[in-house]
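What follows is one structure encoded as C-alpha cells, with my remarks underneath.
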Protein chains: 2
Amino acid sequence: MGTEKLSKATIRDVARAAGVSQSTVSRVLNKNGYVSAETLERVMQAVQALDYSPSAIAVSLSKSRSRIIGVIVPQIFAPFFSQLFYIADRIAEKYDYRLLLCNSESSVVRERRLIDDLLSYKIAALFIAPVDGQEGSNAAYLNSIRLNGTPVVCVDRELTGIACDGVYIDNYNACYEVTREVFMRGYRNIAYLADPPVYAPGRQRLAAFEAACQEFGVTVPPENRMLAPIEASEKRERFLYEIMHRETPPKAIINFSKGWDYGMLRAVTSTGRRVPNDVFLTGLDDDNVLRSFGYYTDYRPNTEEVATVAATLLMERVLHADEPVPEPVRTALTTHLTSVLQRGTVLPEPDVKPMDLK
Amino acid sequence: MGTEKLSKATIRDVARAAGVSQSTVSRVLNKNGYVSAETLERVMQAVQALDYSPSAIAVSLSKSRSRIIGVIVPQIFAPFFSQLFYIADRIAEKYDYRLLLCNSESSVVRERRLIDDLLSYKIAALFIAPVDGQEGSNAAYLNSIRLNGTPVVCVDRELTGIACDGVYIDNYNACYEVTREVFMRGYRNIAYLADPPVYAPGRQRLAAFEAACQEFGVTVPPENRMLAPIEASEKRERFLYEIMHRETPPKAIINFSKGWDYGMLRAVTSTGRRVPNDVFLTGLDDDNVLRSFGYYTDYRPNTEEVATVAATLLMERVLHADEPVPEPVRTALTTHLTSVLQRGTVLPEPDVKPMDLK
DNA sequence: CTGTTAGCGCGTTCAT
DNA sequence: ATGAACGCGCTAACAG
C-alpha cells in the first residue's frame with residue numbers, strides 16, 4: 001500500500017532514507033570499508049524498505065567490468081553445445097555470473113562481429129567453441145583479447161596458432177578405440193564415414209582409424225569409404241544406400257562425423273536394414289540416439305567432463321582477472337570408449353571369430 | 001604500428017581527434033540531429049582511425065535500457081528450448097539485440113531471482129518459458145513487470161492469471177488427433193502414459209484423450225493408464241515392463257509426457273519388444289527420436305512456428321517499447337498431426353479393421 | 001548546424 | 001567511521 005514507486009530505487013534513495021551518504025551504502029552493500037554496526041543496521045533497513053537492488057549496468061560501467069560471460073557456439077541447438085552451455089551456466093551461477101549466448105553459425109566473420117559486440121559489454125570472460133573454417137580463424141584476435149586482460153577459454157576445436165586456455169578432446173585415442181572394438185567383434189567387411197580430413201579433428205580421426213586397420217591387418221577399400229562434409233548429406237545417403245544394397249553389405253559402419261548419427265541411422269533403416277540386427281553402427285553419439293537402439297559403441301566426447309573442466313577453468317580465470325595474465329592452460333581430455341549391449345540385443349554375424357572384449 | 005592503445009578509444013577520443021564535441025560524434029553515430037557533410041566526414045575518419053566502437057554498457061546506462069533481451073527457460077538442453085532460443089536469436093540479431101539466457105531449473109523461486117537479476121541489466125524485454133509449479137508461479141510478478149514497461153512474452157506454458165503476451169500450443173487438438181489416429185489404425189488394446197492432470201496442459205491432454213476414446217467407444221482400463229510425473233521414471237518403467245509382459249500386451253502406447261519419448265522407447269525395447277513391429281508408439285516427439293524408427297505419429301509442437309511467432313512478437317514489443325503498454329496478445333497455435341510411415345515399416349496387427357486415414 | 005551541461009547509478013579515492 | 005567529489009562513457013536537452 002502507499003506510494004508505489006514505478007522507477008526503481010537507487011542507491012541515493014537508500015542513502016537518503018537511512019540518513020547517510022551514498023558511499024556508506026555502497027560500503028555496506030559491498031562489505032568493504034568500516035561501517036558502524038548501528039549505521040549498517042539503518043542502511044539494511046532502508047534497503048529492505050525500498051526493495052533496493054543495485055543496477056548491474058551502473059556497476060559495470062563504474063568498474064569497467066560486467067558480471068556477464070560471453071559465450072559463442074556454432075549453433076546452440078546442437079546437443080553438445082546446449083549441454084555445454086547448461087553446465088557452464090550451472091557453474092557460473094554459483095559465482096553470480098550470467099552467460100550471454102551467441103550463435104556464430106560456423107562463420108568466422110560473424111564470430112568476429114560477435115566477439116566485438118560482446119567486448120562492448122565489458123564481459124568478464126569469453127567462452128568460445130571457435131570456428132575453424134577454410135577462411136581461417138579468429139585465433140590471433142582471441143590471443144590479443146586474452147593479452148588485453150579478458151580471459152578466453154576455448155573448447156571443442158583447437159585452433160592452429162591459438163594461445164588461450166583450452167579444453168579439447170583426444171580425438172585420436174577415442175576413434176582408435178572405437179575402430180578397434182569393431183574389429184574385436186569380428187567385423188571385417190565394414191564401411192567408414194567421416195568428414196574430409198581437412199581440419200585437425202578430421203585428420204586425427206582418420207589417422208586413428210587407419211592405425212587400427214593396420215594393426216588388425218584390415219584393408220577397407222575406397223568404395224567402402226565416404227569422406228564428405230556433413231553438408232553433402234545427399235552424397236552420404238546415396239553412399240549408404242549403395243553399400244546397403246550390395247550382395248554382401250558391410251556388417252558395421254563406423255561414423256566419425258559429428259552430429260550425423262541420426263542421418264546415418266535414418267538412411268540405413270530406410271534401406272530396409274534393421275539396426276543393429278543387420279548392421280552394427282558406431283558414432284560419435286552427440287545426441288544419444290544409438291543407445292536408444294539397445295546398444296552403443298561410441299566415441300563419447302563426454303560433454304559433461306569437457307564442460308565442467310572448461311567452465312571451472314573459466315571461473316578460475318574470471319575470479320583472478322586482476323592478476324597478471326597467466327600462461328594459457330591446454331587440456332586434452334582422453335575419452336574412453338563406452339560400449340554397452342542391452343540384454344537380448346541381436347548383432348550381425350561376425351566375419352571372423354571375435355576376440356575377447358576386455 | 002605506432003602507439004598501440006591498450007584501453008579502447010572513447011567517444012571523447014574521437015571527438016578530440018575530429019576536432020568536434022562529443023555530442024557531434026554521438027549525432028553522427030546515431031544518425032540523429034543535423035550534421036554537416038564535412039563534419040560527418042571528419043568524424044567518420046576519426047572513428048576509423050581509432051577503431052572506435054561505443055561501449056554498450058555506457059549506452060545502456062545513459063538510456064536506461066540495454067539491447068539485451070532476457071531469456072529464461074527451464075533447461076536449455078531440452079531440444080524444444082534450445083531450438084526456441086536459436087530461432088529467437090536469429091530474429092533478435094537482425095535488430096542487433098542479444099539474448100541473455102538463464103535456466104530456471106523449473107523452480108519458481110529460482111525463476112524469480114533470475115527475473116530480478118535480468119531486470120537489473122535493464123533488459124529490453126523478457127522472453128520466458130515460465131515455470132508452473134505446485135508452489136504457484138510468477139504470473140503476478142510478470143504482469144507487474146509488463147505494466148512497468150518491460151515487454152514480457154511467454155511461451156510454452158500458459159500460466160493461470162497471466163496477463164502478458166503469450167504464444168502457446170493448442171494441446172487439446174493435437175492430442176485429440178493423435179489418439180484418433182491410433183484408433184483409426186484399428187488399435188483398441190492400448191496404453192496411456194502421461195503426466196498427472198494437475199496443470200493446464202496435462203488436463204487438456206487427458207481431456208483430449210478421453211474425448212477421442214468416447215468418440216470411438218473405447219474404454220481404456222485403469223491398469224492400462226499411467227499418470228505419473230516424469231520424475232517418477234522408475235514407476236513408469238515398471239508400468240511399461242508390466243504391460244509389455246502381459247499375455248496380450250498393448251498394441252499401441254500413447255505417450256503425452258513431454259521429453260519422455262526416449263524413456264518410453266528405451267523401456268519398451270529393453271523388454272525385448274521391437275518398435276514399431278510389436279508396438280506402435282506415439283509421443284510428443286520433442287527430440288525427433290520416433291522418426292528414427294522409420295515412422296512417426298506425433299503431436300509436434302512445431303517448435304519453429306512457436307519460436308518464430310513468439311520472437312517476432314517479442315521484437316515488435318521491443319521496437320515499440322516507448323509507446324503505451326498495449327493489450328497483451330495471446331496466440332494458441334493449432335498443431336497438426338504429422339504421421340509418416342516410411343516404406344517397408346512393419347506395424348502391429350490391428351485389433352479391429354482400420355479405417356481410412358484421410 | 002554545433003558545443004555545453006547535466007544526468008544515468010554506482011565505485012572509489014581523499015579528506016575529515 | 002563517514003561524507004564530498006570525481007569518473008566510468010554516453011545521450012539528451014538546452015543554448016547559441
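Values in this document were obtained by computation on a predicted structure and should not be read as measured data. Numbered from 1 within each chain, the chains take letters A, B, ... in sequence-line order.
- Ion pair A/Asp116/A/Arg113 not flagged as a salt bridge, since none of the NZ, NE, NH1 or NH2 atoms sits closer than 4.0 Å to an Asp/Glu carboxylate oxygen.
- For A/Arg65 and D/dG9, the CZ to P distance is 12 Å, given to the nearest whole Å.
- Counting non-hydrogen atoms under 4.0 angstrom, B/Thr39 reaches the backbone sugars and phosphates but no base.
- Bracketed by its first and final contacts, the part of DNA chain C lying under 4.0 Å from non-hydrogen atoms of chain B reaches from C/dC1 to C/dG9 in 5' to 3' order.
- In this structure, B/Ile11 places its CD1 atom 18 Å from P of D/dG7, rounding to the nearest Å.
- Heavy atoms of A/Arg27 sit under 4.0 angstrom from at least one base atom.
- Atom pair B/Tyr52:OH and D/dG9:P shows a separation of 10 Å (rounding to whole Å applied).
- To the nearest angstrom, P of D/dT2 lies 19 Å from CZ of A/Arg16.
- OP1 and OP2 of D/dA12 both lie 4.0 Å or more from every side-chain N or O belonging to B/Ser62.
- Each of B/Tyr34 and B/Lys122 has a nearest nucleotide on DNA chain C; the 5'-most of these lies closest to B/Tyr34.
- Nearest approach of A/Leu126 to A/Leu142, heavy atoms of both residues: CD2-CD2, 3.7 Å.
- Within residues 17-24 of chain B, the residues approaching DNA chain D are B/Gln22, B/Ser23, by heavy-atom distance under 4.0 Å.
- From A/Phe127, atom CZ reaches atom CD1 of A/Ile72 across 12.0 Å, with rounding to the nearest 0.5 Å.
- Of the residues A/Leu118, A/Ile115, A/Val71, A/Asp117, the one that meets the side chain to side chain contact (heavy atoms under 4.5 Å, CB included) test with A/Cys102 is A/Leu118.
- Using a 3.5 Å distance cut-off with no hydrogens or angles, the side chains of A/Ser104 and A/Ser107 do not pair a donor with an acceptor.
- Taking a 6.0 Å sphere around CD of A/Glu38, one finds it holds 12 or fewer heavy atoms contributed by other residues, nucleotides or ligands.
- Within a 6.0 Å sphere centred on CD of A/Glu323, heavy atoms belonging to other residues, nucleotides or ligands number more than 12.
- Within the cation-pi definition used here (under 6.0 Å to the ring centroid, within 45° of the axis), A/Arg112 qualifies as a partner of A/Tyr141.
- The environment of CZ in A/Arg90 is crowded: more than 12 heavy-atom neighbours from other residues, nucleotides or ligands sit within 6.0 Å.
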